[in-house]
*Asks:* 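To start, I am sharing the structure in question, which I have written as structure tokens.
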Amino acid sequence: MRINPVLKNETKLAVRSFKFTLMIFFYVAVLSAGALFIFNVNIEEAYFSGINLESTVYFYIGMAVIQAILLMFIVPSLTSTAICAEREKQTLEVLLSTKMSTLSIIIGKLLASISRVIILIICTMPIYSITFLIGGVDLGNIIELSLFFIVTTIFVGSIGVFISTCIKTSKAATAVAYGVVLFIFIGIIILTYISIFFSISRSTNVQNMKLPILSYLSPTIGFISLLINQFGNLQAFEFFRMGMSSDIFENGAIISIVIQIILSVILILGAAYKLNPLNKGIRFKRKDKQYSNSQAVGYENK
Amino acid sequence: MLVIRELEKTYGKFKALNKLNLEIKQGEIFGFIGPNGAGKSTTMKIVSGLLSPDSGEVYVDGMDAIKNNKKLKEKIGYMPDFFGVYDNLKASEYLEFYGSIYGITGEEIRDLSMDLLELVNLQDKYDSYVDGLSRGMKQRLCLARCLIHNPQLLILDEPASGMDPRARFEMKNILKNLRDMGKTILVSSHILSELGEICTNIGVIESGKMVCQGTVEEIMSAVSGNHPIIITVTEKTQEAIKLLKEIPSVGRVKAEDNRISINFSGNDEECANLLKNLVVNDIPIVSFNREVKSLEDIFIKITDRSELKED
């Protein structure tokens, strides 16, 4: 099988860097510390009131939220510099002068970042398995959650790579990528709830309320839907439901995954188009022609 | 091998290329000379498929290079004027990476890397990390990289820029080897002396236009016709000057002690007669020759002239 050359090269470069070791170390450390803390709180409670199986679910949810936040911070930083860094190191031009297509360069870059994140997700699997000690969460739940994280990683990664092809410097690209990702993860949710809040105040039939379609752009809705589907109506979700029926979250995870995949494909194709130096030329072509025509007219007049 | 017709490219209001024409035949080393900003890099980028021209045609090996971008990239090896290398990568791995893009893998690429590193005198750097190499070595490694898919046409943008004389000398030798291997090379420089020895042909570009083009000898003789003739005598300087001024094709005459400098517009035969005339008249001549100009002077002369025309 022929592996994408950029993917192969990037992976080789990544594992040789000290940064990668540090990243795995801190990621596992933060998640383990979180796990120990939540586990400890639950066990202490068990001394007084016996083991409460629902608390295992909270442990799992707590872990999932910590992981989601960590990914939200790691993925943009990995992908938003993918193309900028090549441009700054002046290796991009050489890469573009080879017969490799811009689409395979983009896909190689994206897969290289994603494979690093997948390594992180796999590294944390054993921490999740603590929940098996007590029960309440099964393997299917963890696999579902991990798959959802992988799709979201691809989505956020595509956003990062797209921004990386549009913006020239790494620092600016990283800043913009964080801004966009925060807006998508949190901004859209806030807007959604503001709009729901207004609708509720006007409508009497809260049970029939639907989420605005735009809100599915945010993977957060999918994430909440996934957890609600896995564990039903826990008290913790009351805040998100705002009195609405939990039915509206029924297909949330699937819809979210489909939307994320479609957007990722669009962003990847857009990035490949933008990266192709010949395409940029087409955009300016008309202007240039007008200019040279006007210049030619000028000469004739002379 | 490479034909460029009426190539035009404008950046905003700046006209980088203005109806540029160029032809390079198989096996030639074409020296592309011009001051900074004349349009050398722009031309090379267009030929390499990294930039689209506003108008004009480019044919590489008979194929329309602008339409067949992917096929073009298999035929050419491009080395930009500024380029970086990946940190944390060994010289051999650097070549393996680019080899894998062209589908060369495994044992084949290892042998090929070794051969290419040998060609550019880096065989002992096979296992060295790329970021530890000197600038000259990186340039040579990049040249080896260009050769990995055995391209017919090499496009080298200022391959010797920023190198010390020793590294430059090595680069020259490598280019000579490549010439002997039958590669067609388009190489640019703003320093003429770098190219004079290795190029078969030279083109001078100025403000996006080809000012003159031809073999090194052609260009030399075309321009050197205007060079003054220097005559050194032991005595009778005044007599010599008097004689010289009588000849119609002699222009300005300047004398400094025993050294007479004349502007002469005649052909070689007239030049021989001029010397004969002086000898017959008993002028004791020590030396008689045209002032030898280096390519550097020619370059300045050509570009000066084109500036005058524009004014």
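Chain naming here is simple, since letters A, B, ... match the order of the sequence lines and numbering starts at 1 in each. On a predicted model such as this, the values are computed, not experimentally measured, just so you know.
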*Asks:* I need the minimum non-hydrogen distance between Lys70(B) and Ser101(A), along with the two atoms involved.
*Replies:*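 Looking at all heavy atoms of both residues, the shortest contact is NZ-CB, 4.4 Å.
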*Asks:* Check whether any side-chain heavy atom of Tyr98(B) lies under 4.5 Å from a side-chain heavy atom of Thr98(A), and answer yes or no.
*Replies:*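 Yes, their side chains come closer than 4.5 Å.
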*Asks:* By a 4.5 Å heavy-atom criterion (distance strictly below it), what part of Glu88(A) contacts chain B: side chain, backbone, both, or neither?
*Replies:*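 For Glu88(A), neither part sits under 4.5 Å from chain B.
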*Asks:* Report the option among Ile148(B), Asn69(B), Thr105(B) that has the most heavy-atom pairs separated by less than 4.5 Å from atoms of chain A.
*Replies:*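 The answer is Asn69(B).
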*Asks:* What heavy-atom pair brings Val94(A) and Pro80(B) nearest, and what distance separates the two atoms?
*Replies:*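 That closest heavy-atom pairing would be CG2-CG, 3.8 Å.
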*Asks:* Looking at Lys209(B), I'd like to know if its NZ atom is crowded, meaning that more than 12 non-hydrogen atoms belonging to other residues, nucleotides or ligands lie closer than 6.0 Å.
*Replies:*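 Incorrect, the count does not exceed 12.
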*Asks:* Heavy-atom distance under 4.5 Å to chain A: side chain of Lys45(B), backbone, both or neither?
*Replies:*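 Only the side chain of Lys45(B) comes within 4.5 Å of chain A.
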*Asks:* Do Tyr102(B) and Lys99(A) come close enough that some side-chain heavy atom pair is under 4.5 Å?
*Replies:*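 SC-SC contact between Tyr102(B) and Lys99(A) confirmed.
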*Asks:* Got a second to check how far Gln90(A)'s CD is from Phe82(B)'s CZ, nearest 0.5 Å?
*Replies:*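 One finds 7.0 Å between CD of Gln90(A) and CZ of Phe82(B).
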*Asks:* Just to be sure I understand the criterion: a residue of residues 14-28 of chain A counts if one of its heavy atoms is under 4.5 Å from a heavy atom of chain B. Which ones qualify?
*Replies:*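 When heavy atoms of chain B are the reference, residues 14-28 of chain A contributes Arg16(A), Ser17(A) within the under-4.5 Å range.
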*Asks:* If you draw a 6.0 Å radius around CZ in Arg135(B), do more than 12 non-hydrogen atoms from other residues or ligands fall strictly inside?
*Replies:*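 Counting neighbours around CZ of Arg135(B), more than 12 heavy atoms of other residues, nucleotides or ligands fall under 6.0 Å, so yes.
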*Asks:* Looking at side-chain heavy atoms only, is the closest gap between Asn9(A) and Leu89(B) below 4.5 Å?
*Replies:*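 Of all side-chain heavy-atom pairs linking Leu89(B) with Asn9(A), at least one is under 4.5 Å.
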*Asks:* Which atom pair, heavy atoms only, marks the closest approach of Ser52(B) to Leu278(A)?
*Replies:*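 Shortest heavy-atom separation between Ser52(B) and Leu278(A) comes out as N-CD2, 3.5 Å.
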*Asks:* Return yes when atom NZ of Lys90(B) has more than 12 non-hydrogen atoms of other residues, nucleotides or ligands closer than 6.0 Å, and no otherwise.
*Replies:*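 Enclosed: over 12 neighbouring heavy atoms sit under 6.0 Å from NZ of Lys90(B).
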*Asks:* Nearest 0.5 angstrom please: Asp81(B) CG to Glu93(A) CD, how far?
*Replies:*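 So the gap between those two atoms works out to 7.5 Å.
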*Asks:* So, do Leu95(A) and Phe97(B) sit near enough that their side-chain heavy atoms are less than 4.5 Å apart?
*Replies:*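 In short, these two side chains touch, coming nearer than 4.5 Å.
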*Asks:* Looking only at the side chains, is there a donor atom on one of Glu10(A) and Tyr86(B) sitting less than 3.5 Å from an acceptor on the other?
*Replies:*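 Absent: no donor and acceptor within the cut-off.
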*Asks:* How long is the span from the NZ atom in Lys89(A) to the CG atom in Asp87(B), to the nearest 0.5 Å?
*Replies:*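 Here the interatomic distance stands at 5.5 Å.
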*Asks:* With the side chain counted from C-beta on, respond yes when Leu51(B) and Pro277(A) share a heavy-atom pair under 4.5 Å apart, and no when they do not.
*Replies:*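 They are not in side-chain contact.
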